[in-house]
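For clarity, every value in this text was computed on a predicted model and none was experimentally measured. Lettering follows sequence order; numbering is per chain, from 1.
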Protein chains: 4
Amino acid sequence: MARPLSPEKRLALLLAATQAVAEQGVLASTASIARRAEVAEGTLFTYFESKDVLFQELYLHLKQSLADRVMPSYPHAADYRQRMRHVFDQYVVWGLNNADGRVALARLSASGVVRDATREQATEPFLAFSRMMQDAINDGVLLNAPIAFLTSIMERVAETTIEYADKHPQDAERTQQLAFPLLWRAISG
Amino acid sequence: MARPLSPEKRLALLLAATQAVAEQGVLASTASIARRAEVAEGTLFTYFESKDVLFQELYLHLKQSLADRVMPSYPHAADYRQRMRHVFDQYVVWGLNNADGRVALARLSASGVVRDATREQATEPFLAFSRMMQDAINDGVLLNAPIAFLTSIMERVAETTIEYADKHPQDAERTQQLAFPLLWRAISG
Amino acid sequence: MARPLSPEKRLALLLAATQAVAEQGVLASTASIARRAEVAEGTLFTYFESKDVLFQELYLHLKQSLADRVMPSYPHAADYRQRMRHVFDQYVVWGLNNADGRVALARLSASGVVRDATREQATEPFLAFSRMMQDAINDGVLLNAPIAFLTSIMERVAETTIEYADKHPQDAERTQQLAFPLLWRAISG
Amino acid sequence: MARPLSPEKRLALLLAATQAVAEQGVLASTASIARRAEVAEGTLFTYFESKDVLFQELYLHLKQSLADRVMPSYPHAADYRQRMRHVFDQYVVWGLNNADGRVALARLSASGVVRDATREQATEPFLAFSRMMQDAINDGVLLNAPIAFLTSIMERVAETTIEYADKHPQDAERTQQLAFPLLWRAISG
DNA sequence: GATGAATGAGCTTTCATTCAT
DNA sequence: CATGAATGAAAGCTCATTCAT
């Protein structure tokens, strides 16, 4: 994949795609994405080989955006509960601050266009977190359950929290304070 | 009345739509659905006014199918934990026995085509369960949290369980036995 | 063509077709015509072999309806001018009293669906009038021009009068009084 | 600008539409029009937003084509009769030289697809002629009748002349010589 | 490299007509 | 005979992608 001339245009296309997918799902047309990015229809295809490729890269981009919120401040030295809490809280913060990104990610994920290889690749930035999960299971701090299952539970609880807080802003605070203890009771050993 | 609308054909169309949506999401063409149902393209539209209407009715049909598994055997007289366990377990059983239905429901739900009124309507068959949740909160058996939030958590844990069991059959048994206690720890007061 | 069981249904269909064609032209669907006639979709086809046949018969029916207004009271013994005036005036009266019929006839006529044989057949009820035109030309009372041309002029002036009176009701009276003298000056020898 | 919209292609589409509408009326398919214009089906829609828009523009195009025949040579300084004769004669010439255009215009006009605003807009190129009509009425040269009525009469007589000359070529000359005096007797004061 | 006109396959939907009831 | 469900061939229109400019 050649280095495209303008990273700005690439980003503008990914941002436009995020909004378009958040609003219209994967039926959003490449033309509408290009228009939103203020770029010609054909230009989209010099940055992304096809619509499918655009969507794989959009998925990676959104997951990376989440990782960028969660991982740089990851407290490698804190205890398991605090590390988990950090990840959970930052996930929720990211979701509340990136409504389009979160919805786009959910739609993309449920649409069936994201390939397994892409999903795999998207886990990389979260490696430190995965390792922590495995250690916590080994140390008996977390439930002796498949790591993928526990991770999935964490993600789903976070998503539910974000969605609920988004839909019922007056309960947002209370729900956020409830959410992590709820998760921790669920998955701690 | 010449030839009455055939409930079998209607069902065949809903089943075909379930499979098609499970495989291809909402981009599944009406032509492919009709073909799968072994019915002419036009016939689909004598049973469902439009693709949109088909999808609303498919959503209701799938939710009803879930309710039919969960509610008839609902133990109205059992204690809260047992009633909750019943619903959760039956949900999981339904999901494992209806892979297409579950995936179709998830894709439909995330695609944005399901209208709020349809979602609302789909909750009706679960009324006894909703009432139980409210009572359990009032009695302090469940966490003092918004009922919609707790319900959502339950659904997400059930879905995660199904998905995980589906993808890793060798861990299925163990995961299922883990899942309800995990949920109950999470949401009980 | 077998005598259909119910002349009422046949008439109801022709009336419904008149309204439908007046409103939507020849694109009016057979289903909409049947619905308007309060008859099943298939019934239309027991009275008229096809949509095309329905339109041919509708054309004849409307022309006959015009003839029924014009010819029974035709003053065979009056002078040329009076006979012509009678036909012209009754034409206009029919048009003003049968807005749907007039518009349907015009749309049908301009649509290209009416076959020449049908047009030919529709002139029959007006034979006495045609003969009078020919006699008047021979006697030098009318312009020495092809009879079809003069007839066409008469029809177009009548139609223009009707349309104008319909669209500008406040000028209707004045226009009607203007119209026949205008026509007579045009075509008298 | 990549490849500019091609006026030739636009014209080819309008010409193709003219022929198609002349032959088949407004039921002519966009596919058949595109094929006739030797252009892809989708291309039609880059030049005309929809079939409806194509028809509005086709109406304007045909009226403009008529105006282009009639108006550039309009004898502004001649007397009323001569100016009227000019318009009438040129109208007939245009009709005889543009069989498809004339028929298409008539079918379009009678089909009900042409909107009032479009009709209104189409009168613009004939403004000088309209003003002359009004002046002639004021000066008592034309009948004291609504201008729209007189204009309509003129058009109808012209159309009848064209149609008759077209259908009976051997009478064409004679009919054309008859036609204007006939019109002038009809509408002069 | 950027542009957007051109392409044609594919989409949802309509509709004249048939025929089982 | 009346009914209206069933049919499948169009119809109008959209859209990912290509490529001349």
With heavy atoms under 4.0 Å as the rule, sort B:Y47 into base, sugar-phosphate or nothing. sugar-phosphate

Counting Watson-Crick and G-U wobble pairs only, both distances under 3.5 Å, name the nucleotide matched with E:dA20, or none. F:dT3

May I have the distance from A:F45 (atom CZ) to E:dA6 (atom P), rounded to whole angstrom? 18 Å

In whole Å, what is the span from the CG atom of C:D52 to the P atom of E:dC15? 18 Å

Write down the distance between CD (B:Q24) and P (E:dG10), rounded to a whole number of angstrom. 13 Å

Against the side chain of B:E41, the closest entry in E:dT18, E:dA2, F:dA10 is F:dA10

In the structure I gave you, are the side-chain heavy atoms of B:S29 and B:Q24 within less than 4.5 Å of one another anywhere? no

Between A:S109 and A:Y59 the two heavy atoms that sit nearest each other are OG-CE1, 4.3 Å

Distance check needed: E:dG1 P versus A:L44 CG, whole Å only. 15 Å

Does A:K51 make a side-chain N or O approach to OP1 or OP2 of F:dC15 shorter than 4.0 Å? no

At 4.0 Å (heavy atoms only), tell me whether B:A34 reaches a base, stays on the sugar-phosphate, or touches nothing. nothing

Other residues, nucleotides, ligands: >12 heavy atoms within 6.0 Å of C:E38 CD: no

Any donor-acceptor pair under 3.5 Å from D:S65 side chain to D:H61 backbone: no

By nearest atom, which of the nucleotides E:dT3, F:dT17, F:dT3 is closest to the C:T46 side chain? F:dT3

When you measure from the side chain of B:V39, which nucleotide among E:dT17, F:dT7, E:dG8 comes out closest? F:dT7

Without swapping roles, check the side chain of D:Q56 against the backbone of D:R115 for a donor-acceptor pair under 3.5 Å. yes

Check the distance between F:dC15's C1' and A:L54's CG and give it to me in whole angstrom. 15 Å

Can you tell me the distance, in whole Å, between the CD atom of A:E38 and the P atom of E:dG4? 12 Å

Quick check on DNA chain E: between C:L27 and D:G42, whose nearest nucleotide comes earlier from the 5' end? D:G42

Out of E:dT7, E:dT14, F:dA5, which nucleotide sits closest to the side chain of B:L5? F:dA5

Closest to the B:T43 side chain: F:dT3, F:dT17, F:dT7? F:dT7

Please determine whether a side-chain nitrogen or oxygen atom of A:T30 lies at a distance below 4.0 Å from atom OP1 or OP2 of F:dA16. yes

If you only use heavy atoms from C-beta on, which nucleotide in E:dT7, E:dT12, F:dC13 is closest to the side chain of B:S29? E:dT12

